Amino acid sequence: MSEENLYTAVRGFVLDALAELAPDLAPELLARVEVTPTKDVAHGDMASNAAMIAAKTAGKNPRELAAGLVERLSARPEIAKAEAAGPGFVNLTLAPSYLLAQLPVILRAAEAYGQRQARGLKLNVEYVSANPTGPLHVGHCRGAVVGDALANLLAKAGFEVTKEFYINDAGAQVAALARSVYVRYLEALGLDPQAYIDTVPGGMQYGGAYLVPLGEELAKLHGDEFAETPEANWIDRFRDFAVGRMLDLIKEDLAALGVRQHVFSSERALVEAGGVARGLQTLRDQGLIYRGVLEPPKGKTPEDWEPREQELFRATQFGDDVDRPIAKSDGSYTYFANDIAYHADKVMRGRDGLINVWGADHGGYVKRMQAAVKALSGAKLDVVLCQIVRVMKNGEPVRMSKRAGTFVELRDLIDEVGPDAVRFSMLMRKSDAQMEFDLAAAVAQTRENPVFYVQYAHARARSVLRAAPPPDANVNLVALGAPEEMALIRRLITWPRLVEQAAEAREPHRVAFYLHDLASDFHALWNAGRENAQLRFILEDKPVETAARIALVAATAIVLRSGLAVLGVTPVEEMR
RNA sequence: GGACCCGUAGCUCAGCUGGAUAGAGCGUUGCCCUCCGAAGGCAAAGGUCGCGCGUUCGAAUCGCGCCGGGUCCGCCA
C-alpha cells in the first residue's frame, strides 16, 4: 500500500534533510517536527516548523537552519519550491505531478481512502447507556451521535472498535420502573391504583403514557394474579418484562438514528454472576481497598451528615481528589463498585483502551473512574463529556424529565427533521461545548442545516459523473492546474491526516467541519465553471481535460462519501 | 468551599494539541443563472479572542489569579 498520508511522506523528507544538517537530535525533539497545511496559498502547500524546533539544540539560528533545509528539500523531485519564511518556517510547494498523483490513489482506494492500516489495537467505545426506563429523549441524542461517529472515526483510523451500551438494570431506577408498570397493570385490570401508589416511597416515578401498553399486556398475560399480592411476588417478573420492553424501545430509537451497537452489557447479569466481588478483588489484592471515614464536602455539608466508616478505594493514589466509597454504610455495594466491575470486565475482554461518552452531569465521576481503570490494568480510559443540550422552544427552555413524562422524545425529533440533519447538527459542535437546540428552528430551518450543503456537493458531483464517461485512475492529469482545482486537491489529500488527528483527539466534530470545507471548495470550483466556460467539467471537444476533471470530481465524491460514512450521514445521489 | 467544562464577529460556533495577516455559517449590504443542479458562488461590513500577570523566538491556544455562565460534590444510578 502506498503512503496515503502525503503529510507523513513529506515530513519524512523534512526529517531526512534535518538529519543531514543536525544529526543526533533527540527523538522527543524530532517528534515535535510537524508538516502542516498552510493557511494561505501564498505560503505553498505545506509548511514545517522543523528549523524552529531544532535550532536551539543544533546551535544555529532558525533562519540559518531553515535555509539549509530549503537547499536540500529543493533538490527533491517531489518539491517544486521550498523557501524559508517568517521566524524560520520552511514553506513547501509540491510538484504538481506529485500532488496530482494522489488522485489515482483516491480513485483506487475508493471509500477506503483515509482508512489506516490495522494497528492491532482494540478499543471499546461505550455510549448512550441510558437507563432502560423509557424511550430516548433529545437529551440523549448528542451522546448517541458523538459516540457512534467517534467509534466510526477510530475504526477509520485503524483501531478495532467495539460499540457498547451498558444497561443499568440492577438498581433502584429499574425497581421504580417495575412499580410504575405495576400501577398501569392495576389500571388495566380496572382497579384504582391510588391506594397502592400511596404505599410506594417515591410514588409513581415514571408517569409517562408509554407504560400503559405494558400494564395492559401484563394484565392480559396474568389476569389479576398479582393484584393484591406483596411486591416480592411480582417485582422481578415485572422489572425484567419492563426492562426488556424499554430496551427494545431504546434500540428502535437508536436504529432510527442509524446507531447500531455491537454489545449490550447488563449490569444485572454482571452482578448476578458475582462479577462485582471478582472485579474488586484485583484492587483488594493490591491493598487499594480499606475501611475509613470520609471528610464531609467543604462548604456544603449535608444536614444529616455524620462520620461513617465505609469501604473506600484509594483513588487518590491514581490522581483523584479523595478516596471513593465502594460500599454503603449497610455494606451493600455502591454504583461505583458495580462500575469498577463493569470496567474490569471490559478490560478483560481484551481492550487496549476504553472510551466512555458521558453526559456532562457525570463529569464528577471521570477522575475516579480513570483512577479505577488505571488501578485495574494498563489500559487507559478516556472520557468524552457531552455538555447538556438545552432544548429551547420559542425561546423558552424545555424541561425534560422522564419521570414526569414531559420530555421531548428523540423519535419525534428524528421523524420531524430526519436522522441526517440530527446527526450532522450534533456534530457541528465540539462535544464539550454547551449547546442550545431550538426545536422550532430545527424543524423550520431544515434547508439551512449545513448537512444539506455537504449533501448537495455530493449530489452535484454525482450528477456530473452520471453525465460523463466513467472516471479512469490511469488518466493523464496534467490538464489540472486552475487555482480552484488545486485548492480542491489540497483539501482532498488532507483527509487521511484529518482522520488521524481527529481520532487521536477523540473529536468527531472535526470531520463535520472538514466536510463542510471540502464541499465549499467543490462549490467554488463549480461556480468558477459558471463564470468561465473553459473550467467546466465536461468539455465536448476536449476529452483530455474532461477526463482529468472527471477524475477530480470522482475523487471529491469519494472523499465526501468516506467522510459522511464516518458521521453516519447518507450521501444522497440527488436532492431535487 | 472544592472539582471539571465553557467564555472568540450582532447571533450560533470553528481555530488542525504553541506558529505567519484570527475563520465559517446565519443575519446585514451589493453583485452572479442564454452555460454540467442557484439547497450554489463572489464581494463588502463586522474583533481590546472575558480581564490581568507570567512562561518564550512566538500565546486565542500553556501556567497562575480574578470576573461571568454551566455541570457536579458520602449512604442515587
Side-chain angles (χ1 to χ4, degrees), chain A residues 32 34 36-40 42-43 47 49 52 55-56 61-62 85-89 91 131 168 170-174 267 293-302 304-308 310 312 320-322 324-325 327-330 332 334-336 338-339 359-367 385 387-388 390 428-430 432-436 438 441 445-450 452-453 455-457 459-460 463-464 466-468 494 497-498 501-502 504-505 507 509-510 512-514 516-517 519-520 522-531 533 536-539 549 553 574-576:
Chain A
R32 287 171 52 210
E34 299 187 297
T36 59
T38 54
K39 280 184 208 164
D40 188 340
H43 296 147
N49 61 351
M52 291 177 287
K56 198 173 271 181
N61 77 51
F89 286 103
N91 289 340
N131 283 337
N168 294 128
Q173 305 293 335
V174 287
E267 179 185 8
V293 180
L294 285 178
E295 298 280 314
K298 286 182 179 147
K300 187 203 162 243
T301 309
D304 59 345
W305 176 271
E306 43 184 286
R308 301 219 172 150
Q310 294 173 294
L312 301 170
D320 201 357
D321 310 309
V322 290
R324 303 292 181 176
K328 306 172 196 172
S329 44
D330 68 0
S332 64
T334 59
Y335 178 78
F336 180 48
N338 288 5
D339 238 4
D361 54 340
H362 287 64
Y365 296 85
V366 173
K367 280 188 183 177
L385 287 183
Q387 284 293 329
I388 308 298
R390 269 163 50 101
M428 278 302 284
R429 277 154 186 73
K430 209 165 44 180
D432 57 4
Q434 286 157 230
M435 171 177 182
E436 278 190 8
D438 192 308
Q445 299 181 353
T446 53
R447 290 278 137 87
E448 289 171 21
N449 192 304
F452 295 107
Y453 183 82
Q455 287 181 318
Y456 184 47
R460 272 181 151 181
S463 121
V464 170
R466 279 193 296 271
T494 305
R497 177 178 193 266
L498 186 113
Q501 301 217 322
E504 192 192 346
E507 290 186 344
H509 76 276
R510 293 191 196 182
F513 280 90
Y514 170 81
H516 194 271
D517 290 343
S520 172
F522 183 68
H523 286 312
L525 175 58
W526 183 290
N527 276 80
R530 295 173 62 86
E531 304 288 331
R536 292 167 52 115
F537 300 123
I538 300 171
L539 299 171
R549 289 172 188 174
V553 173
E574 46 184 40
M575 297 182 70
R576 295 194 184 271

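Every chain is numbered from 1, with letters handed out A, B, ... down the list of sequences. Only a predicted model underlies this, so the values are computations on that prediction, with no experimental measurement involved.
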Starting at atom [atom1] of [X], determine the distance to atom [atom2] of [N], rounded to an integer number of angstrom.
X	N	atom1	atom2	result
A:L312	B:C73	CG	P	18 Å
A:Q455	B:G40	CD	C1'	15 Å
A:Y514	B:G15	OH	P	16 Å
A:E531	B:C32	CD	P	10 Å
A:D361	B:C72	CG	C1'	8 Å
A:F336	B:C73	CZ	C1'	14 Å
A:F89	B:A20	CZ	P	6 Å

Touch check for [X], heavy atoms < 4.0 angstrom, all strands: base, sugar-phosphate only, or nothing?
X	result
A:D40	base
A:A170	nothing
A:R497	base
A:D339	nothing
A:L294	nothing
A:A47	base
A:H362	base

With respect to the side chain of [X], which nucleotide from [options] is positioned closest?
X	options	result
A:K328	B:C36, B:A24, B:C76	B:C76
A:P37	B:C16, B:G74, B:C4	B:C16
A:A360	B:U71, B:U17, B:A20	B:U71
A:A524	B:C16, B:G74, B:C42	B:C42

Closest-nucleotide ordering on RNA chain B, the 5'-leading residue of A:E34 and A:A172: A:E34

Would you call the rings of A:Y365 and A:H362 parallel, tilted or perpendicular if under 30° counts as parallel and over 60° as perpendicular? tilted

Can you name the atoms? Protein N/O to nucleotides 55-65 of chain B N/O, anything below 3.5 Å, with the distance.
{"from": "B:C57", "atom 1": "OP1", "to": "A:K56", "atom 2": "NZ", "distance (Å)": "3.1"}

Looking only at atom [atom1], what distance separates [N] and [M], rounded to whole Å?
N	M	atom1	answer
B:A39	B:C26	C1'	15 Å
B:G47	B:U56	P	33 Å
B:A44	B:A9	C1'	14 Å
B:C16	B:U55	C1'	23 Å
B:U17	B:G2	C1'	28 Å
B:A22	B:A60	C1'	8 Å

Might you list the N or O atoms of the protein lying below 3.5 Å from N or O atoms in nucleotides 12-14 of chain B, with each pair's distance?
{"from": "B:U12", "atom 1": "O2'", "to": "A:R429", "atom 2": "NH2", "distance (Å)": "2.2"}
{"from": "B:C13", "atom 1": "OP1", "to": "A:Q434", "atom 2": "O", "distance (Å)": "3.0"}
{"from": "B:C13", "atom 1": "O5'", "to": "A:R429", "atom 2": "NE", "distance (Å)": "3.4"}
{"from": "B:A14", "atom 1": "OP1", "to": "A:K430", "atom 2": "N", "distance (Å)": "2.5"}

Phosphate contact (B:C76 OP1 or OP2) by A:Q173 side-chain N/O below 4.0 Å: no

Restricting to side-chain hydrogen bond (donor to acceptor under 3.5 Å, both in side chains), what partner residues turn up for A:N338, sequence neighbours left out? A:E267

A:R497: what forms a side-chain hydrogen bond (donor to acceptor under 3.5 Å, both in side chains) with it, not counting sequence neighbours? none

Anti versus syn assignment for B:C4, with syn defined as within 90° of 0: anti

Is B:U29 syn or is it anti, if syn means the base angle is within 90 degrees of 0? anti

Check ring pair (Phe, Tyr, Trp, His ring centres under 6.0 Å) between A:F522 and all other residues, then give those that pass, not counting sequence neighbours. A:F537

Please find the pair of heavy atoms, one from A:E507 and one from A:K430, that lie closest to each other, and give the distance. OE2-CD, 4.3 Å

Is there a Watson-Crick or G-U wobble partner for B:A14 with both distances under 3.5 Å, and if so, which one is it? none

For nucleotides 37-39 of chain B, give me every protein contact, N/O to N/O, under 3.5 Å, one pair per line with atom names.
{"from": "B:G37", "atom 1": "OP1", "to": "A:S463", "atom 2": "OG", "distance (Å)": "2.9"}
{"from": "B:G37", "atom 1": "O2'", "to": "A:Y456", "atom 2": "OH", "distance (Å)": "3.1"}
{"from": "B:G37", "atom 1": "O2'", "to": "A:R460", "atom 2": "NE", "distance (Å)": "2.8"}
{"from": "B:G37", "atom 1": "N7", "to": "A:S463", "atom 2": "OG", "distance (Å)": "3.1"}
{"from": "B:G37", "atom 1": "O6", "to": "A:M575", "atom 2": "N", "distance (Å)": "3.3"}
{"from": "B:G37", "atom 1": "N1", "to": "A:M575", "atom 2": "N", "distance (Å)": "3.2"}
{"from": "B:A38", "atom 1": "OP1", "to": "A:R530", "atom 2": "NH1", "distance (Å)": "2.5"}
{"from": "B:A38", "atom 1": "OP2", "to": "A:R460", "atom 2": "NH2", "distance (Å)": "2.7"}
{"from": "B:A38", "atom 1": "OP2", "to": "A:W526", "atom 2": "NE1", "distance (Å)": "3.1"}
{"from": "B:A38", "atom 1": "OP2", "to": "A:R530", "atom 2": "NH1", "distance (Å)": "3.3"}
{"from": "B:A38", "atom 1": "N7", "to": "A:R530", "atom 2": "NH2", "distance (Å)": "2.9"}
{"from": "B:A39", "atom 1": "N7", "to": "A:M575", "atom 2": "O", "distance (Å)": "3.3"}
{"from": "B:A39", "atom 1": "N6", "to": "A:M575", "atom 2": "O", "distance (Å)": "2.2"}
{"from": "B:A39", "atom 1": "N1", "to": "A:R447", "atom 2": "NE", "distance (Å)": "3.0"}

